[in-house]
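Below is one structure, written out as structure tokens; the observations come after it.
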Amino acid sequence: MTTTEPPLGDWTPQDLEDNGRILLSYLREHFETLRARPVTTHRPAREIHTLVDEPLPVEPQPFPDVLDQTWNDVRPHLTLWNHPRFHAYFANSSSGPAILAEMATAALNVNVMLWDAAPAAAAVETTVLGWLADMLGYPADGDAVLVDGASLATLYALAAARERLAGLQIRQHGMASAPQLRIYTSDHTHSSVDKAAITLGIGLDNVVHLPARPDGSLDPRALDEHIRQDLRAGYRPMAVVATIGTTSTGAVDPLGEIAEVCAAHGVWLHADAAYGGFWRLTDRVRGHLPDLDVADSLVANPHKVLLCPMEASALFCRHPEALSNTFRLVPEYLTTRHEDGSVDFMNYSLQLGRQFRALKLWWIIKSFGSRGIADRLTAACDMADQLRKAADNTPHWRVENAHSPFPLVCLRYAPPGLTPEQTDDLNRRIHHRINEHGRSYVSHTVLSCGYVIRVSIGNIHTRQEDIDGLWHELTTAAAEGSAA
Ligand SMILES: Cc1ncc(COP(=O)(O)O)c(C=O)c1O
């Protein structure tokens with residue numbers, strides 16, 4: 001009797017194409033019906049676990065069944081960031097070329113750690129980093145690398161800043177005999193700076209969060225004074241992190257003036273342009289941004305602005321070798337021959353094995369062109385202007401971040417006769433009502449005025465009708481909330 005064993009090995013190329021076509025037809029339906037779908041789910045967490053929690057599958061399952069389960073049990077219970085009416089946090093996009101690039105990246109599965117391990121992929125990454133530097137107006141002749149996100153990029157930049165501190169050689173000797181190092185930010189700076197201080201052994205106590213000015217920006221004079229005070233007290237000022245597009249309100253720190261303070265004290269300046277950097281592509285924003293090339297290091301996130309899915313963040317450092325002198329460590333098994341032009345990206349961060357992240361950016365930038373990307377960013381700015389105008393023209397609505405050049409609108413509804421606490425509560429109810437309804441999805445922050453509703457516009461599918469609809473929802477929720 002002969003038994004037929006299941007074949008070993010991968011799907012055949014024909015299987016891959018057949019299943020790929022099924023997936024693409026699902027994606028087509030997904031995008032054709034996306035606008036009619038809710039942005040989020042309201043299923044309780046335990047129930048969502050129950051939908052997907054099953055014993056380890058021992059026997060093979062046909063791919064169409066796996067796909068069906070994903071579409072029936074997973075997709076409806078996601079918060080869809082790539083939805084035209086997703087306006088929470090920072091609205092971002094996953095565009096067609098990037099979706100296909102992710103598939104090609106996985107198929108090629110190269111590891112961009114050493115030149116020999118992925119030669120043309122390292123060349124594409126070099127080219128893409130040059131294009132991104134061009135978009136940002138930042139010199140491309142220093143160190144540069146693609147990483148997963150701005151949080152790690154900032155950690156790496158601050159590690160490089162620490163390594164450049166004269167006379168300490170912390171990479172070699174550790175922190176035990178180092179003086180107390182200080183990092184300066186505003187109280188609007190992203191928490192990734194604090195996480196970096198935790199990781200680098202600098203400690204949360206040594207991150208100085210200076211109170212932001214009313215427009216949310218870091219005050220260079222207060223910075224200068226605090227650095228002087230710290231020097232007198234025996235601290236060693238290490239770095240300033242300035243932000244181009246703060247998380248809460250899209251404020252812009254005055255980078256040029258901050259750079260002067262940093263230069264005067266020999267302190268490293270890291271610019272966190274995770275959100276704001278690539279908006280420089282559109283004329284509508286560029287004129288409101290400082291030159292970025294004064295910063296010693298810079299991070300900007302394609303996965304926030306450049307129509308690019310998670311994860312892709314670009315880290316630049318003006319000083320050649322500053323990143324590589326911090327992270328280069330080559331055990332014998334990783335030694336390879338070097339030739340003119342070869343780049344070993346493993347030397348620029350903690351990551352050894354690295355995805356071919358540059359491919360999706362290469363495809364996005366070539367497919368849309370920088371002009372096509374800029375036009376889409378301009379359209380987002382136009383829609384944000386319309387929303388601001390609607391709020392300005394409606395009694396009791398206020399735009400609380402009018403200073404921000406980005407399509408991020410912080411709204412507060414403040415009818416007369418309510419205490420600040422009651423107004424906070426009303427805005428919280430408006431926010432929750434929008435998200436419970438599920439047609440649109442927004443987030444919030446708390447400013448000196450109180451609780452505000454944040455509307456970030458930047459998804460590639462968003463149209464004016466989506467913003468008009470959101471405004472209708474906001475005003476309806478406000479009227480119902482006031483009457484309640
Ligand atoms: C200003 C700023 N910096 C850094 C980050 C962290 O980015 P990532 O999620 O890529 O680590 C964020 C996230 O929203 C941010 O708004």
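Every number for a ligand or one of its atoms is a count from 1 in the order of the listing. One-based numbering along the sequence shown.
Counting only residues at least two apart or on different chains, the salt bridge (Lys or Arg N to Asp or Glu O under 4.0 Å) pairs with a member in residues 87-109 are Glu102-Lys360.
With hydrogens left out, the protein atom closest to atom 2 (C) of ligand 1 is Asp272 OD2, 3.5 Å, a heavy atom. Here the protein heavy atom with the shortest distance to atom 11 (O) of ligand 1 is Ser151 OG, 2.6 Å. Nearest to atom 7 (O) of ligand 1 among the protein's heavy atoms is Lys304 NZ, 3.3 Å.
Distances below 4.0 Å separate heavy atoms of His303 from the following atoms of ligand 1: 10 (O). Close approach to Ala150 involves these atoms of ligand 1, each under 4.0 Å from a residue heavy atom: 4 (C), 6 (C), 7 (O), 8 (P), 10 (O), 11 (O).
Distance alone, capped at 3.5 Å, places no donor-acceptor pair between the Arg280 side chain and the Val285 backbone. Under a 3.5 Å cut-off, the side chain of Thr462 and the backbone N or O of Gly458 do not form any donor-acceptor pair.
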Query - ring pair (Phe, Tyr, Trp, His ring centres under 6.0 Å) between Trp81 and His303, intermediate numbers included - result: CA-CA 12 Å; Trp81 284 61; His303 75 213; 9.4 Å; no

Report task. Take His461 and Arg35, measure what side-chain hydrogen bond (donor to acceptor under 3.5 Å, both in side chains) needs, and give me the verdict at the end. Result -> CA-CA 9 Å; His461 304 290; Arg35 189 163 255 101; over 6 Å; no

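For the 3.5 Å distance criterion, the side chains of Glu163 and Asn325 fail to qualify, holding no donor opposite an acceptor. Using modelled atom types and a 3.5 Å distance limit, the side chains of Thr378 and Thr282 yield a donor-acceptor pair.
The residue from Thr247, Thr189, Thr154, Val193 that puts a heavy atom closest to atom 1 (C) of ligand 1 is Thr247.
Only the side chain of Ala274 comes within 4.0 Å of ligand 1, judged by heavy-atom distances. For Phe90, every heavy-atom contact with ligand 1 shorter than 4.0 Å involves the side chain, none the backbone.
In this structure, Gly245 is part of the shell of residues with a heavy atom less than 4.0 angstrom from ligand 1.
Residue Ser192 places no N or O, backbone or side chain, under 3.5 Å from any N or O of ligand 1. Ligand 1 has no nitrogen or oxygen under 3.5 angstrom from a nitrogen or oxygen of Asp148. Of the polar atoms of Asn301, at least one N or O is found under 3.5 Å from an N or O of ligand 1, judged by distance alone.
Between His444 and Tyr451, the ring centre distance stays below 6.0 Å.
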